[in-house]
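Down below is the structure, laid out as structure tokens.
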Amino acid sequence: MDSTHFVLAPDAPFDFEGTAYSHGWVVLAPNAWDESSGTMHRVHRLATGRVVRLELRAGEGSRSGVAVRVEHRGRLPAADRRALEADVRHMFRLGEELRPFYALCRGRGRPWNRVCGGLGRLLRSPTLFEDTVKTLCTTNVQWGGTKRMVRGLVDAFGDPWPGDPSLRAFPSAEALAAVPAAEFDARTSLGYRSAYVRELAGRVASGHLDLEDLARSDRPTVELRDELLAIKGVGPYAAATLLMLVGRYDELAVDSVFREFVAEKYFAGERPSDAQARAVYDGWGEWKYLAYWFDLWEGVTEGL
DNA sequence: TTCCAGGGGTAGA
DNA sequence: TCTACCCATGGA
């Protein structure tokens, strides 16, 4: 197995571990996190069909970015390397403009100003298709179930990495769409979500739904939300999660975690209506989701 | 055994 | 717009 190394430097404050471990995505297959070395692993399929394995860790030096080690078979063409750089930059949001959010945090003093050291970049997948499938697998299920369902999809239908065929990449929409429904259901345990994932894969593979175009769009959030809500299985919670993943933070993902956290912290344990709970973050404007996330995040709430 | 999870679709008002 | 009911699965 050959390997290629490069470092991606951010042009703004950046915290590698704070980004990699910003939410549960880091442990959803084919991602994995090695606590002892602070390394994220990922088996990754390029558009050319080549499957490589990535080791991602903090770069060295004052402008620490993402140090990337790519394990691959044979020569890595320049086009594949450029595609990998783009994918890693996308996953870690190295080009995302967070200065307006940092300005709000700085204005609120401690502990919010800690965010300004490079937090606020929530890890995402290289494609909105992968993120949408994973989000569908978070609905009405405990986190352990989400991990089980995503692992099952990868193991059943992902392309194997030549260095260790037991390690697989996230399956493409085309790969999932090609599986007969009965076989798909038999080889996964998605429950009623199975039909949603199969329909999504079919629409993306056939070109009827261009999620990656939606992800790049600069149209108003409300228009993107309506498009996401038109996906079977995507409701208000999933749409808000997906908006966060494409860099729109003006919608809050109201789920059981949000409801319990806001009730405990702001309503003395009494359960408020969803509207009352949402109103807690009204002052954050287009940054509500990030504000909630770091409010929830262990440590940021201390001393508030 | 029963309940419910990082909800959503549908029908009916 | 709101509510009631149903949806598969597996952990608690």
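Both backbone and side-chain heavy atoms feed into the values below; hydrogens, waters and symmetry mates do not. Lettering of chains follows the sequences in order, A, B, ..., and the numbering in each one begins at 1.
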Would A:R259 and A:D274 pass as an ion pair if we require N to O under 4.0 Å?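 A:D274 and A:R259: salt-bridged.
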Mark yes when over 12 heavy atoms from residues, nucleotides or ligands other than A:E270 sit less than 6.0 Å from its CD; otherwise mark no.
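Not buried by this count: 12 neighbours or fewer within 6.0 Å.
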Practice task
Would you grab the first and last nucleotide of DNA chain B (5' to 3') that comes under 4.0 Å of any non-hydrogen atom in chain A?
Solution key: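 Nucleotide range with atoms under 4.0 Å of chain A: B:dA5 to B:dT10.
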In B/S/- notation (B base, S sugar-phosphate only, - none; protein heavy atoms under 4.0 Å), nucleotides 1-6 of chain C written 5' to 3' is ------
Who are the side-chain contact (heavy atoms from CB on, under 4.5 Å) partners of A:V7, not counting sequence neighbours?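 By the side-chain contact (heavy atoms from CB on, under 4.5 Å) rule, A:V7 matches A:A67.
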Handout entry: Nearest heavy atoms of A:N140 and A:R193, plus distance in Å
Key =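 Residues A:N140 and A:R193, closest heavy atoms: O-NH2, 3.0 Å.
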Could you identify which residues cluster with A:L229, counting Ile, Leu, Val, Met, Phe, Trp and Tyr as linked when any side-chain heavy atoms lie under 4.5 Å apart, either directly or through a chain of such contacts?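 Besides A:L229, the hydrophobic cluster comprises nothing; the residue is isolated.
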Using a heavy-atom cut-off of 4.0 Å across all strands, would you classify [X] as base, sugar-phosphate, or nothing?
{"X": "A:G233", "answer": "sugar-phosphate"}
{"X": "A:I231", "answer": "sugar-phosphate"}
{"X": "A:A253", "answer": "nothing"}

### Query
In terms of ring plane angle, is the pair A:F92 and A:F14 parallel, tilted or perpendicular, where the classes change at 30° and 60°?
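If you compare the ring of A:F92 with that of A:F14, the planes turn out perpendicular.
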Using the [atom1] atom as the reference point in each nucleotide, state the distance between [N] and [M] in Å, no decimals.
{"N": "B:dA11", "M": "C:dA8", "atom1": "P", "result": "15 Å"}
{"N": "B:dG9", "M": "C:dG10", "atom1": "P", "result": "22 Å"}
{"N": "B:dG6", "M": "C:dT3", "atom1": "P", "result": "23 Å"}

Drop me the distance from A:W284's CH2 to A:Y292's OH, to the nearest 0.5 angstrom.
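A:W284 atom CH2 to A:Y292 atom OH measures 14.5 Å (nearest 0.5 Å).
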Are A:Y289 and A:Y281 close enough that their ring centres sit under 6.0 Å apart?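 That pair fails the under 6.0 Å test.
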query = Which whole-number value in Å describes the distance from A:L136 CG to C:dC7 C1'?
reply =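 Atom-to-atom, A:L136 to C:dC7, this comes out as 15 Å.
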Please state how far atom CG in A:N140 lies from atom C1' in C:dG10, giving the value in whole angstrom units.
->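 Rounding to the nearest Å, CG of A:N140 and C1' of C:dG10 are 12 Å apart.
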| said: Do A:L122 and A:F129 land in one hydrophobic cluster if side-chain heavy atoms of ILVMFWY residues count as linked below 4.5 Å? | reply: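 Yes; tracing contacts between hydrophobic side chains, which count when under 4.5 Å, links both residues.
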Which residues, if any, of residues 190-199 of chain A bring a heavy atom under 4.0 Å of DNA chain C?
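Hits under 4.0 Å, by residue number: A:G191, A:Y192, A:R193.
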Decide whether A:N31 and A:R42 meet the rule of one side-chain donor and one side-chain acceptor closer than 3.5 Å.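 On atom types as modelled, these side chains qualify, holding a pair under 3.5 Å.
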Note to self: My understanding is that only residues two or more places apart in sequence, or in another chain, count here; which of them pass ring pair (Phe, Tyr, Trp, His ring centres under 6.0 Å) with A:Y237?
What the structure shows: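 With neighbours one apart ignored, the set is empty.
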